[in-house]
Amino acid sequence: MDGEDNTPSNVSTQRFYEVQKYLTVSNHTRLTYALVTSSKFWNSLPADVKPAMERAVKETTAFFNSVAAQDNDDAMAKIKAAGKTEIHVLTPDEKKAWVAKMMTVHKDMESRFSKDFIQKIYDASGFTPPTS
């Protein structure tokens with residue numbers, strides 16, 4: 001294997017760590033789950049049902065995101081314990097350079113998805129784009 005882009009949980013379950021020599025921890029993705037539905041469906045829900053649905057979505061999303069985070073932590077521990085893969089965690093300067101390079105992709109995606117949509121992703125994820 002020459003390379004791949006995955007979360008630690010995928011590297012572990014797919015057993016890539018058994019054959020890959022190197023792994024860079026960049027934390028450039030976000031392992032989260034979300035409920036996606038059409039506005040037509042959501043808006044068709046009775047007013048007395050929506051509050052319970054909103055609460056259920058919020059609670060289950062938080063639960064599954066915490067489970068995913070724990071799975072990732074457990075997987076990284078398993079990868080390290082196997083001792084077959086050299087793990088490199090990006091330094092703050094390396095991470096800054098990585099983000100700077102990726103900003104061109106974000107800019108290109110504005111024409112496909114809109115600047116407003118990209119900003120909503122930033123807001124939801126807590127990402128602050130670099131100013132330079």
Side-chain angles (χ1 to χ4, degrees):
M1 175 180 307
D2 290 330
E4 43 106 3
D5 177 22
N6 272 301
T7 59
S9 59
N10 283 340
V11 172
S12 176
T13 58
Q14 298 302 311
R15 298 171 34 190
F16 294 149
Y17 67 93
E18 293 181 359
V19 295
Q20 72 186 55
K21 294 179 183 178
Y22 307 101
L23 185 148
T24 297
V25 179
S26 62
N27 295 314
H28 71 282
T29 61
R30 200 176 148 96
L31 180 61
T32 57
Y33 294 93
L35 172 70
V36 178
T37 186
S38 71
S39 57
K40 181 180 177 182
F41 167 76
W42 190 258
N43 293 333
S44 74
L45 293 173
D48 63 325
V49 171
K50 278 188 182 177
M53 288 290 290
E54 289 170 347
R55 186 177 67 250
V57 168
K58 185 177 181 179
E59 290 173 2
T60 56
T61 299
F63 172 76
F64 281 109
N65 287 341
S66 69
V67 168
Q70 187 61 56
D71 285 349
N72 250 6
D73 291 345
D74 294 347
M76 186 54 79
K78 181 178 181 179
I79 294 165
K80 287 177 182 177
K84 296 181 178 184
T85 306
E86 183 180 318
I87 299 170
H88 173 70
V89 178
L90 293 181
T91 66
D93 285 342
E94 289 169 332
K95 179 73 178 217
K96 185 176 178 180
W98 181 298
V99 170
K101 270 292 198 203
M102 291 305 298
M103 292 313 298
T104 59
V105 175
H106 294 207
K107 194 75 175 158
D108 289 346
M109 290 297 106
E110 287 179 7
S111 65
R112 187 171 176 190
F113 295 105
S114 85
K115 187 174 184 174
D116 181 57
F117 182 74
I118 300 294
Q119 186 60 52
K120 286 180 181 178
I121 293 171
Y122 292 164
D123 294 344
S125 64
F127 177 71
T128 303
T131 55
S132 58

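Note that these values count all heavy atoms, side chains included, but never hydrogens, waters or copies made by symmetry.
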With hydrophobic residues grouped by side-chain heavy-atom distances under 4.5 Å, do W42 and V49 end up in a single group?
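Yes, W42 connects to V49 through the hydrophobic network.
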message: If hydrophobic residues (ILVMFWY) are linked whenever their side-chain heavy atoms come closer than 4.5 Å, directly or via other members, who joins W98 in its cluster?
response: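 L90, V99, M102, M103, V105, M109, F113, F117, I118, I121, Y122, F127, listed by chain and number.
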**Prompt:** Under the 4.5 Å side-chain heavy-atom rule for ILVMFWY, direct or indirect, which residues accompany V57?
**Reply:**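 Reading the cluster by chain and number, V57 sits alongside L35.
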* Asked: Within a strict 4.5 Å, meaning less than it, do heavy atoms of the M53 and L45 side chains meet?
  ->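 Yes - at least one pair of side-chain heavy atoms lies under 4.5 Å apart.
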How about E4 and N10: do any of their side-chain heavy atoms sit closer than 4.5 Å?
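They are not in side-chain contact.
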| message | Run the salt bridge (charged side-chain N to carboxylate O under 4.0 Å, His left out) test on K78 and D74 for me, step by step, so that the C-alpha distance in whole Å, both residues' side-chain angles and the decisive distance to 0.1 Å come before the verdict. | response | CA-CA 6 Å; K78 181 178 181 179; D74 294 347; over 6 Å; no
Quick check for you: to the nearest 0.5 Å, what is the distance between [X] atom [atom1] and [Y] atom [atom2]?
X   : Y   : atom1 : atom2 : answer
K80 : L23 : NZ    : CG    : 10.0 Å
E18 : S12 : CD    : OG    : 9.0 Å
Q20 : E86 : CD    : CD    : 11.5 Å
D5  : H28 : CG    : NE2   : 3.5 Å

With no hydrogens and no angle check, just 3.5 Å: does a side-chain donor-acceptor pair link S26 and T24?
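Short answer, no.
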### Message
Please list all pairs meeting side-chain hydrogen bond (donor to acceptor under 3.5 Å, both in side chains) that have one or both residues in residues 54-63, counting only residues at least two apart or in different chains.
### Response
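Counting only pairs at least two positions apart or across chains, no side-chain hydrogen bond (donor to acceptor under 3.5 Å, both in side chains) contact touches residues 54-63.
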Quiz item: Is there a donor-acceptor pair closer than 3.5 Å between any side-chain N or O of K96 and the backbone N or O of P130?
Solution: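 No: the side chain of K96 does not pair with the backbone of P130.
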Measure from the side-chain N and O atoms of T85 to the backbone N and O of Y17, and report whether any donor-acceptor pair falls under 3.5 Å.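 Between the backbone of Y17 and the side chain of T85 there is a qualifying donor-acceptor contact (under 3.5 Å).
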Are T7 and M76 close enough, and set up right, to give a side-chain contact (heavy atoms from CB on, under 4.5 Å), and what steps lead you there?
CA-CA 9 Å; T7 59; M76 186 54 79; over 6 Å; no
task: Assess whether atom NZ of K120 is packed by more than 12 heavy atoms of other residues, nucleotides or ligands within 6.0 Å.
output: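 No - once you tally the heavy atoms of other residues, nucleotides and ligands closer than 6.0 Å, there are 12 at most.
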Where do I79 and P8 come nearest, in terms of heavy atoms and distance?
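What the structure gives for the nearest pair is CD1-O, 3.8 Å.
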